[in-house]
Number of protein chains: 2
Amino acid sequence: MTTDRLSTIFAALADPTRRAILARLAEGDATVSELAEPFSISLPAISRHLKVLENAGLISRSRTAQWRSSSLNPEPLREATAWMERYRRFWDVNFARLDAHLRAIQQAQSATEQSPEKTQ
Amino acid sequence: MTTDRLSTIFAALADPTRRAILARLAEGDATVSELAEPFSISLPAISRHLKVLENAGLISRSRTAQWRSSSLNPEPLREATAWMERYRRFWDVNFARLDAHLRAIQQAQSATEQSPEKTQ
DNA sequence: TCGTTAATTAACCAATAGGTTATTTATAGC
DNA sequence: GCTATAAATAACCTATTGGTTAATTAACGA
């Protein structure tokens, strides 16, 4: 896997166990054992899943006594969503209609102005 | 990688080359060579990236003569976005406000009705 | 300080991913 | 039928992933 941020985020999401962990954390912080409880895999495996999520910025962790608490960090999800939004016009009818409207406006502008902004 | 659909989609998106290919296809269909042009990797490598995208349902392909044309298939992106939407309230202030409002309404309902629907 | 609990790290393994070059398949054009 | 072009497949290599068990670290509690 390459090292760019978005790839790291999507890769972290590409595992059902990790998505389940995020779903659990959406209901509140939890310790490693609490997070491991629903799964039939070993604790070290969970520990590494958490490291992947932390590495992607999707969770942050704190320690109190011998417990490590994880909490959800939504920022990367916002980023990933932002990337996908660029494609919304392809599936969202309402967005497509708005998009067509905006395009029409922009085209009307390019007829009168020079070098319109390039959108990425 | 596990075989579930969402994991396959996210895994397909977890590569910058494949995301660039999708971005290119958003501007219109293209052949394999056309898609390969901006990259410094071999054609077989591109061919396999396309197979990953096709397998995730993100593109569909057709053949005319010796050319294989790929076209963007937005449905999986809609699915992935739908999954992320569940977390929108964690980063989107406006959504959080709406969410709080809906919760308040639902709570008011549960006070008068029996066994309210469980939302997932 | 000793035993218990929580979690991580180490060492290992099999499967997958992502790249390469060489070869094969399919079609077009003459 | 031969040659050129487009693309896929085969065979191979290395690094990464996701799992395991065993060992280590850290903190508590009596």
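In this text the structure is predicted, and so the values were computed from the model without any measurement. Reminder, nothing fancy here: chain letters follow the sequence lines and each chain counts from 1.
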Exercise. Report the C-alpha distance between A:S70 and A:D29 in whole Å, list the side-chain angles of each, state the deciding distance to 0.1 Å, and finish with yes or no for side chain to side chain contact (heavy atoms under 4.5 Å, CB included).
Key: CA-CA 6 Å; A:S70 296; A:D29 295 3; over 6 Å; no
Quiz prompt | Verdict with reasoning, A:I21 to A:F39, per side chain to side chain contact (heavy atoms under 4.5 Å, CB included) | solution = CA-CA 10 Å; A:I21 289 174; A:F39 305 104; 4.1 Å; yes
Practice problem: Please assess A:M84 against B:L13 for the test side chain to side chain contact (heavy atoms under 4.5 Å, CB included), listing each intermediate value before the final yes or no. | Solution: CA-CA 10 Å; A:M84 303 227 253; B:L13 297 176; 4.1 Å; yes
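In this entry the distance linking CD of A:E37 with P of C:dA6 reads 13 Å, nearest Å. The distance from atom CG of A:L43 to atom C1' of D:dT25 is 14 Å, rounded to the nearest whole Å. Between the CG atom of B:L13 and the C1' atom of C:dA17 there is a distance of 16 Å, rounded to whole Å. When rounded to the nearest whole Å, the span between CG of A:D15 and C1' of D:dG19 equals 11 Å. Between the P atom of D:dA8 and the CG atom of B:L35 lies a distance of 10 Å, rounded to the nearest Å. Per the geometry, CD1 belonging to B:I46 stands 14 Å off P belonging to C:dT21, to the nearest Å. Spacing between atom CG of B:L53 and atom C1' of C:dA17 amounts to 14 Å, rounded to whole angstrom units.
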Quiz item: Can you give one letter per nucleotide of nucleotides 24-30 of chain C, going 5' to 3': B for a protein heavy atom under 4.0 Å from the base, S for sugar-phosphate only, - for none?
Solution: --SBS--
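A:R78 contributes no side-chain N or O that, together with a main-chain N or O of B:F90, makes up a donor-acceptor pair within less than 3.5 Å. No donor-acceptor distance shorter than 3.5 angstrom exists from the side chain of B:Y87 to the backbone of A:L72, with no hydrogens or angles considered. With hydrogens and angles disregarded, no donor-acceptor distance shorter than 3.5 Å links the side chain of A:S47 to the backbone of A:L43. B:E34 places a side-chain N or O within 3.5 Å of a backbone atom of B:T31 that can act as its donor or acceptor partner. Side chain of B:R24 to main chain of B:L35: no donor-acceptor pair is present (N/O by atom type, distance under 3.5 Å, no hydrogens or angles). Checked by atom type and distance alone, the side chain of B:R68 never pairs as donor or acceptor with a backbone atom of B:A30 at under 3.5 Å.
Put simply, B:H49 has no side-chain N or O that comes within less than 4.0 Å of OP1 or OP2 on C:dA17. Side-chain N/O atoms of A:S42 include none lying less than 4.0 angstrom from OP1 or OP2 on D:dG19.
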Review item, nucleotides 9-14 of chain D N/O atoms under 3.5 Å of protein N/O:
{"unit_1": "D:dT9", "atom_1": "OP2", "unit_2": "B:K51", "atom_2": "NZ", "d": "2.3"}

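Contacts of B:T17 with the nucleic acid, taken as non-hydrogen atoms under 4.0 Å apart, are absent.
In terms of position along DNA chain C, the nucleotide closest to A:L50 lies nearer the 5' end than the nucleotide closest to the other residue of the pair B:A45 and A:L50.
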